Amino acid sequence: MGRHPGEVAVQRRAGVRLEDHGSARARAEIPEVAAGFLRNQRMIVAGAADDLGRLWAGLLTGPAGFAAPEDDRTLVLHALPAAGDPLHGLFAAERDVGLLAIEPHTRRRMRVNGTAVRAGDSLVVWTEQVYANCPKYIQTREPIAEPGTPAVLGRGDSPGRRHLDWIAAADTFFIATRAQGFGADVSHRGGNPGFVRVTGPRSLEFADYPGNGMYMTLGNLELDPAAGLLFPDWERGETLQLTGRARVEWGEDRPVVRFDVDEYVHLAGTLPAGWTAPGYHRFNPLV
């Protein structure tokens, strides 16, 4: 792949003048240190588009070792999206996937983008981009329980009052995006509670805090407004998945992403119900 035109456009708008800075620099191979990190993970965020072009982000969980690099370009995930998850059943045929392995208690994270297909009870991922991200805006927390049995608690086109309150109190969410010819991607977003603002019954916004200057998420949105958001409820072990359209507005301070909801899915049992109290990152901007 050549340079991502969406990333280039956003970097210029943001004043980033580095040459060849972006996803095109990410290597396709899984380094040994990355393979070791992946083998230790018990939670991986996955993002992909469904057959209608809607983006979804969801969780894959399992015991340490469920993410198993088989060689430097192949990662096998011994887990599948749960029934009820919009990602369930999507990988009967090979399709673009973005993965984020994140370890909140150490603030370590790694993105693995490529294509994936189901093989029995596993997902086989062929990597195209593998790279680590900095620890900025990750709140430290550690699970004190195991995931439960996944179940659908709700779905529809208008989130309820509890969902809107959940979003407004969040300190973490994940966002899936894609661009035709450049694959899918999943990224972490974090901040102090209130960093995501509910602006209507089916809309929200958040400031895009400074990161590595690659602008992979905003670069994808420059070319395709489809996006999927995943909000974890750490205490209840539940997740809220939103799919819709995002647009980026540039102000004098920092870009603001505005998101309109097309559909939501509320699942229980998708992550451990109970985590240690969060330790907020010292670089989180004041809300």
Side-chain angles (χ1 to χ4, degrees), residues 26-52 54-104 108-133 143 145-152 174-178 183-188 228 230 232 237-239 241 243 265 267-273:
R27 63 188 298 174
E29 296 78 22
I30 306 171
E32 186 50 44
V33 65
F37 176 73
L38 289 167
R39 292 187 189 102
N40 287 331
Q41 300 315 300
R42 295 185 289 167
M43 178 181 76
I44 289 181
V45 186
D50 64 19
D51 293 337
L52 298 177
R54 300 173 301 182
L55 265 291
W56 295 96
L59 277 184
L60 298 171
T61 59
F66 92 100
E70 290 205 337
D71 57 44
D72 66 354
R73 291 288 303 275
T74 309
L75 173 66
V76 178
L77 301 175
H78 296 288
L80 294 171
D85 186 321
L87 297 177
H88 181 76
L90 288 188
F91 297 98
E94 185 179 345
R95 72 177 62 219
D96 291 337
V97 68
L99 302 176
L100 176 69
I102 184 165
E103 196 172 72
R108 295 174 68 195
R109 54 179 160 163
M110 175 171 297
R111 281 149 92 165
V112 179
N113 298 337
T115 61
V117 69
R118 177 177 178 173
D121 293 331
S122 301
L123 281 183
V124 179
V125 180
W126 294 284
T127 63
E128 295 290 345
Q129 298 171 336
V130 179
Y131 56 100
N133 281 155
E146 296 297 325
T149 301
V152 178
F174 305 96
I175 178 168
T177 58
R178 71 160 184 177
D185 178 72
V186 175
S187 184
H188 162 275
L230 172 70
E238 300 173 7
T239 48
Q241 294 163 277
T243 190
V265 176
L267 298 178
T270 43
L271 78 164

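Please read all numbers here as calculations on a predicted model, not as lab measurements. Throughout, numbering of the chain's residues begins at 1 and tracks the sequence.
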Verify, without hydrogens or angle tests, whether Thr127 (side chain) and Ala28 (backbone) share a donor-acceptor contact under 3.5 angstrom. yes

Leu123 side chain near Leu60 side chain, heavy-atom distance below 4.5 Å: yes

With a 4.5 Å heavy-atom cut-off, do Pro143 and Arg42 have their side chains touching? yes

Side chains of Val45 and Leu59, heavy atoms from C-beta outward: is any pair under 4.5 Å? yes

Show your reasoning for whether side-chain contact (heavy atoms from CB on, under 4.5 Å) applies to His188 and Asn133. CA-CA 10 Å; His188 162 275; Asn133 281 155; over 6 Å; no

The test is side-chain contact (heavy atoms from CB on, under 4.5 Å); show your working for Trp126 and Leu75 and say whether it passes. CA-CA 7 Å; Trp126 294 284; Leu75 173 66; over 6 Å; no

Using a 4.5 Å cut-off on heavy atoms from C-beta on, say whether the side chain of Thr177 contacts that of Leu55. no

Any non-hydrogen side-chain atom of Arg118 less than 4.5 Å from a side-chain atom of Leu80? yes

Could you give the distance from CD1 (Ile30) to CD (Glu70), rounded to the nearest 0.5 Å? 10.0 Å

At what distance, to the nearest 0.5 angstrom, does CG of Asn40 lie from CG of Leu38? 9.0 Å

On a heavy-atom basis, which atom in Met110 and which in Phe37 lie closest, and how many Å separate them? CB-CE2, 3.9 Å

Minimum-distance pair of heavy atoms, taken over all atoms of His88 and Ala82: CB-O, 3.3 Å

Take atom CZ of Arg111 as the centre, draw a 6.0 Å sphere, and report whether it contains more than 12 heavy atoms from other residues, nucleotides or ligands. yes

Could you walk me through whether Asp85 and Val265 pass the side-chain contact (heavy atoms from CB on, under 4.5 Å) test, one step at a time? CA-CA 7 Å; Asp85 186 321; Val265 176; over 6 Å; no

If you measure from CG on Leu100 to CD1 on Ile44, what distance do you get to the nearest 0.5 Å? 8.5 Å

Looking at Glu146, I'd like to know if its CD atom is crowded, meaning that more than 12 non-hydrogen atoms belonging to other residues, nucleotides or ligands lie closer than 6.0 Å. no

Let me confirm one number: the CG-CD distance from Leu267 to Glu238, rounded to the nearest 0.5 Å. 9.0 Å

Ionic contact status for Glu32 with Arg39, cut-off 4.0 Å: yes

Report yes if the side chains of Ser122 and Phe66 come closer than 4.5 Å at any heavy-atom pair, otherwise no. no

Smallest heavy-atom separation, Gln241 atom then Leu230 atom, equals CG-CD1, 3.6 Å

Quick one: do Leu77 and Val125 satisfy side-chain contact (heavy atoms from CB on, under 4.5 Å)? Show the steps, please. CA-CA 8 Å; Leu77 301 175; Val125 180; 4.3 Å; yes

Rounded distance (nearest 0.5 Å) linking atom OG1 of Thr74 with atom CG of Asp71: 3.5 Å

Heavy-atom closest contact (Gln41 atom, Ala101 atom, distance): CG-CB, 4.0 Å

Close side-chain approach of Asp50 and Leu90, heavy atoms under 4.5 Å: yes

Measuring from atom OG1 of Thr61 to atom CG of Leu271, what distance do you get when rounded to the nearest 0.5 angstrom? 8.0 Å

Could you pull out the closest heavy-atom pair between Gly269 and Pro147, with the gap in Å? O-CB, 4.0 Å

Within-4.5 Å side-chain heavy-atom neighbours: Val117 and Phe91: no

Are the charged groups of Arg73 and Glu128 less than 4.0 angstrom apart, N to O? yes

Looking at Asp72 and Arg27, is there a salt bridge between them, counting it only when a charged N and a carboxylate O are closer than 4.0 Å? no

Arg95 to Ala49 - nearest heavy-atom pair and separation: NH1-O, 2.7 Å

Charged N to carboxylate O below 4.0 Å: is that the case for Asp185 and Arg178? no

